[in-house]
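Presented below is the structure to which this report refers.
What you are looking at is a predicted structure, and each value in this text was computed from that prediction instead of being measured.
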Amino acid sequence: MENKSPLSPHIQIYRWHISSLVSISHRVTGIINIIAITLICLWVSLLFFGEVNYALINFVLNSFLGKFLALGLAWSFSFQILSEIRHLIMDMGYGFELQTTRITGLVVIFGSILLTIIIYLLGKNLI
């Protein structure tokens with residue numbers, strides 16, 4: 001007996017869409033943001049224990065890796081905020097058309113990059 005039922009979509013035959021990318025990235029940035037908030041709380045609590053801890057944290061944040069992480073977190077939070085706004089609009093029943101989901105997905109991706117650049121420029125006192 002031959003099974004002629006269709007295969008479920010899986011990684012080898014499924015074509016990626018903007019909505020898929022935004023959805024998966026939304027979940028990943030959510031996890032990253034929770035870890036970042038926890039580390040920021042730890043950082044603030046370490047500041048209460050004296051100047052040595054402050055100097056260490058200041059050294060780490062002023063290094064190339066620290067600046068890169070800060071910029072990455074700015075993107076992560078920006079992406080999460082824009083994606084949440086997109087989800088809130090969809091929860092109200094709008095934006096389920098295929099073209100609208102593509103446009104809002106691209107707005108989330110490029111908007112988060114633009115917000116990260118603005119945050120960087122604000123941090124450098126250039127704006």
Side-chain angles (χ1 to χ4, degrees):
M1 183 171 189
E2 188 176 323
N3 186 1
K4 294 191 179 203
S5 60
L7 291 174
S8 296
H10 53 80
I11 195 100
Q12 294 172 340
I13 63 171
Y14 186 73
R15 201 180 100 186
W16 282 83
H17 300 280
I18 294 294
S19 293
S20 307
L21 178 67
V22 171
S23 177
I24 292 169
S25 298
H26 178 79
R27 291 180 175 110
V28 170
T29 56
I31 294 168
I32 290 169
N33 291 344
I34 288 295
I35 293 170
I37 290 171
T38 304
L39 291 175
I40 289 170
C41 290
L42 178 66
W43 168 55
V44 170
S45 66
L46 283 175
L47 291 176
F48 289 117
F49 292 115
E51 287 185 34
V52 175
N53 291 320
Y54 178 78
L56 176 65
I57 292 168
N58 193 27
F59 174 75
V60 170
L61 289 177
N62 283 322
S63 69
F64 176 76
L65 180 63
K67 291 177 182 179
F68 180 75
L69 287 175
L71 196 61
L73 287 177
W75 173 82
S76 180
F77 280 107
S78 299
F79 185 90
Q80 187 79 21
I81 289 169
L82 292 177
S83 183
E84 283 292 335
I85 292 170
R86 179 178 185 248
H87 280 284
L88 284 173
I89 292 169
M90 292 175 89
D91 286 344
M92 290 187 288
Y94 303 107
F96 286 105
E97 298 81 24
L98 187 58
Q99 188 65 24
T100 306
T101 58
R102 286 183 188 142
I103 291 170
T104 57
L106 289 173
V107 165
V108 168
I109 293 169
F110 291 114
S112 64
I113 294 170
L114 181 64
L115 276 175
T116 304
I117 292 170
I118 291 171
I119 291 168
Y120 173 77
L121 293 175
L122 284 172
K124 289 292 231 179
N125 293 325
L126 297 176
I127 292 182

Where do V108 and T104 land on the side-chain contact (heavy atoms from CB on, under 4.5 Å) test, with the steps shown first? CA-CA 6 Å; V108 168; T104 57; 5.5 Å; no
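- Hydrophobic clustering, with ILVMFWY side chains joined whenever heavy atoms are under 4.5 angstrom apart, groups F48 together with I40.
- Remark: S19 pairs with R86, T101 by the side-chain contact (heavy atoms from CB on, under 4.5 Å) rule, at least two apart or across chains.
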Would L71 and W75 satisfy side-chain contact (heavy atoms from CB on, under 4.5 Å), going step by step from the backbone distance to the final call? CA-CA 6 Å; L71 196 61; W75 173 82; over 6 Å; no
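- The minimum heavy-atom distance linking S112 with L82 is given by the pair N-CD1, 3.3 Å.
- A search for side chain to side chain donor-acceptor pair (under 3.5 Å) contacts involving S63 returns nothing, not counting sequence neighbours.
- Surrounding CZ of F96 are more than 12 heavy atoms belonging to other residues, nucleotides or ligands, all under 6.0 Å away.
- R102 meets the side-chain contact (heavy atoms from CB on, under 4.5 Å) test with L98, Q99; sequence neighbours excluded.
- Residues satisfying the side chain to side chain donor-acceptor pair (under 3.5 Å) criterion with D91, sequence neighbours excluded, are absent altogether.
- Nearest heavy-atom pair across L73 and A36 is CD2-CB, 3.5 Å.
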Residues 53-61, side-chain donor-acceptor partners within the protein, below 3.5 Å, at least two apart:
unit_1 : atom_1 : unit_2 : atom_2 : d
N53    : ND2    : L46    : O      : 3.4
N58    : OD1    : N62    : ND2    : 2.8

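- Heavy atoms only, all atoms of each residue included: H26 and S83 are closest at ND1-OG, 2.8 Å.
- Minimum heavy-atom separation, A74 to I119: CB-CG2, 4.1 Å.
- L115 is connected to I109 through a chain of hydrophobic side-chain contacts under 4.5 Å among Ile, Leu, Val, Met, Phe, Trp and Tyr, so both are in one cluster.
- Counting all heavy atoms, side chain and backbone alike, T116 lies closest to S78 at OG1-OG, 4.1 Å.
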Residues L42, S45; criterion side-chain contact (heavy atoms from CB on, under 4.5 Å); working and verdict: CA-CA 5 Å; L42 178 66; S45 66; 4.0 Å; yes
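- Listed by chain and residue number, L21, F79 satisfy the side-chain contact (heavy atoms from CB on, under 4.5 Å) test with S25 (two or more places apart in sequence, or in another chain).
- Across every non-hydrogen atom of I32 and S76, the tightest pair is CG2-OG, 3.9 Å.
- The cluster map of Ile, Leu, Val, Met, Phe, Trp and Tyr, joined by side-chain heavy atoms under 4.5 Å apart, puts I113 and V22 in the same cluster.
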